[in-house]
Amino acid sequence: MTPPAAPRPPAPVLLGDAEVRARLTPATATAAVRHALLEHQAGRLAAPPRWHAGLGGGELVFTVGALAAEGAQGVAAVHGEAGVHREAGVHGFRAYGTADRAGEQLVAVWDSASGRLTAVVHGQELGPRRTGAIGAVAVEALARTGGPAGCRLGLIGTGPQGWAQLWALSASASHRPAEVAVFGRRRERAERFAARVREELGLAARAVDSARAAVQGREVVIVATNSPTPVLEADWVAPGTHLSTLGPKSTTHYEIPPELAERAAVIATDSPAQAGSYGTDHLLGPTPLTALGAVLAGTAPGRRGHDDITLFSSVGLAGTEVAVAAALTRA
């Protein structure tokens, strides 16, 4: 008799923007990136700098990452699944083009033990939400809580990246914003953005007339623009403020003033290696940057004093997209 055929492995899960919006929660995303940052600090997340392939009129950019088996199990553990599912390690990549800023991204995830492709996530939603989750972890690690009244947050920028930062923070137990002041170049867009924040995230958001009004008197300031010149002045930032910058940060194009780095007690980043790939062209420079993972692990200091200014330079730790996509498939 012919032996029965071996069962075919399940087909990879294919997820688009609709599934990401419906299934990925801020808690899942922030837990996944927090664990990935800690695993990277411990040497169990391989995350080399991104790679650019020239295509004439643009580039195809790849980031790759591999999370060891202990790391994958840890991600499961934060969702209460430890002892039920012993996840193998995962590896994968993210790819996106630079010719169209609004283009889609693709994230592929493999099971490292079997070599099976388990998931493909495509679209425009996963990337910003991954970045938002990293930003939320940075705020929780570096910012003051704001006291009984809650955290007062200022946001400059009304695009998908700014939205995702608020989305991730909306579920924070320690730093859910009590109020959000939003500034954008076009007042009508800022008004629509603030209305969406109120309706979908339940945060008390309002548009303000100037970048200065969004910055002054805030415990947390998030700058998420594409501006090649500073959108705020360093002396607007009060002692004790935490500021996260997501946009341009080279020596020729930068959304925050260089003087702000001189006032910061600590400058952290999610990936010193990625920041170092700028070389001498990085506005903040690779040398003084503290790994966010080290702050989380307690091996490097974060905020020391109430009046410290803390600065987070978001560059995108490779492998965190894979970690979030893997967590999404288990959600």
Item checked: Heavy-atom side-chain contact between V197 and V182 under 4.5 Å -> no

Note to self: Quick one about S172 and E140 (side-chain donor to acceptor, distance below 3.5 Å, no hydrogens or angles considered), yes or no?
What the structure shows: yes

Item checked: Close side-chain approach of F183 to V215, heavy-atom, < 4.5 Å -> no

Check: From L292 CG over to R34 CZ, what is the distance, rounded to the nearest 0.5 angstrom?
Finding: 8.5 Å

Checklist line | Student check: side-chain heavy atoms of R94 and R130 closer than 4.5 Å | finding: yes

Check: So, does D270 use its side chain to make a donor-acceptor pair with the main chain of V315 at under 3.5 Å?
Finding: yes

Next item on the list: Test side chain to side chain donor-acceptor pair (under 3.5 Å) on Q165 and S244 and set out the steps.
Entry: CA-CA 10 Å; Q165 297 288 312; S244 293; 5.4 Å; no

Note to self: To the nearest 0.5 Å, what is the distance between CG on D308 and CZ on R263?
What the structure shows: 11.5 Å

Note to self: Could you measure the distance from the CG atom of L232 to the OG1 atom of T245? Nearest 0.5 Å is fine.
What the structure shows: 9.0 Å

Next item on the list: Using atom types as modelled and distance alone, determine if a side-chain donor or acceptor of T98 lies under 3.5 Å from a backbone N or O of E59.
Entry: yes

Checklist line | Pairing of R23 and E19 as salt bridge, 4.0 angstrom limit | finding: no

Margin query: Side chains of P177 and L169, heavy atoms from C-beta outward: is any pair under 4.5 Å?
Written below: yes

Notebook entry, point to check: Is a side-chain donor or acceptor of K249 paired with a backbone partner of S314 at a separation under 3.5 angstrom?
Noted result: yes

Notebook entry, point to check: Got a donor-acceptor contact below 3.5 angstrom from the T241 side chain to the R218 backbone?
Noted result: yes

Item checked: Plane angle bin for W110 and H91 - parallel if under 30°, tilted between 30 and 60°, otherwise perpendicular -> parallel

Note to self: Using a 3.5 Å distance criterion without hydrogens, assess whether the side chain of R198 forms a donor-acceptor pair with backbone atoms of L203.
What the structure shows: no

Note to self: Please check this pair: side chain of T118 against backbone of V109, looking for a donor-acceptor N/O pair closer than 3.5 Å.
What the structure shows: yes

Notebook entry, point to check: Are the side chains of W163 and E200 in touch, meaning some heavy atoms are under 4.5 Å apart?
Noted result: yes

Next item on the list: Please check if W236 and Y254 belong to a single hydrophobic cluster, counting links between Ile, Leu, Val, Met, Phe, Trp and Tyr side chain heavy atoms closer than 4.5 Å.
Entry: yes

Notebook entry, point to check: Is the shortest side-chain N to carboxylate O distance from E179 to R152 below 4.0 Å?
Noted result: no

Note to self: Applying side chain to side chain contact (heavy atoms under 4.5 Å, CB included) to Q124 and D17, what does each step give before you reach the verdict?
What the structure shows: CA-CA 7 Å; Q124 300 176 329; D17 283 343; 3.9 Å; yes

Next item on the list: Examine L24 and V120 and state if one hydrophobic cluster contains both, with Ile, Leu, Val, Met, Phe, Trp and Tyr joined whenever side-chain heavy atoms are less than 4.5 Å apart.
Entry: no

Next item on the list: In sequence, state the C-alpha distance, the side-chain angles, and the governing distance for T299 and Q41, and then conclude on side chain to side chain contact (heavy atoms under 4.5 Å, CB included).
Entry: CA-CA 9 Å; T299 57; Q41 181 64 24; 3.6 Å; yes

Checklist line | Criterion side chain to side chain contact (heavy atoms under 4.5 Å, CB included) on R212 and E233, from CA distance to verdict | finding: CA-CA 8 Å; R212 186 169 189 162; E233 295 184 14; 5.8 Å; no

Check: Can you find a side-chain donor-acceptor pair between H242 and R144 that sits under 3.5 Å?
Finding: no

Check: Quick one: do L67 and V13 end up in the same hydrophobic cluster if we chain Ile, Leu, Val, Met, Phe, Trp and Tyr together by side-chain heavy atoms under 4.5 Å apart?
Finding: yes

Margin query: Checking the side chain of E262 only, and the main-chain atoms of L260 only, is there a donor and an acceptor separated by less than 3.5 Å?
Written below: no

Next item on the list: Answer yes when E191 and R187 have at least one side-chain N-carboxylate O distance shorter than 4.0 Å, and no when they do not.
Entry: yes

Check: Would L289 end up clustered with I256 when hydrophobic side chains under 4.5 Å apart are linked, directly or stepwise?
Finding: yes

Margin query: Could you tell me if the side chain of T28 sits less than 4.5 Å from the side chain of L328, heavy atoms only?
Written below: no

Next item on the list: Answer yes or no: is there a donor N or O on one side and an acceptor on the other, between the side chain of D111 and the main chain of R116, under 3.5 Å?
Entry: no

Check: Distance from Q161 atom CD to I222 atom CD1, nearest 0.5 Å?
Finding: 11.0 Å

Next item on the list: Please assess V324 against V107 for the test side chain to side chain contact (heavy atoms under 4.5 Å, CB included), listing each intermediate value before the final yes or no.
Entry: CA-CA 10 Å; V324 173; V107 178; over 6 Å; no

Note to self: Under 4.5 Å between side-chain heavy atoms, counting indirect links through other Ile/Leu/Val/Met/Phe/Trp/Tyr residues: same cluster for L106 and F62 or not?
What the structure shows: yes

Margin query: Working to the nearest 0.5 angstrom, can you tell me the gap between L166 CG and L153 CG?
Written below: 6.0 Å

Margin query: Keeping Q274 on the side-chain end and R50 on the backbone end, is there a donor-acceptor pair under 3.5 Å?
Written below: yes

Checklist line | Donor-acceptor contact below 3.5 Å, side chain T269 vs main chain P272 | finding: no

Item checked: Point-to-point distance, once rounded to the nearest 0.5 Å, from CG of L14 to OG1 of T329 -> 12.5 Å

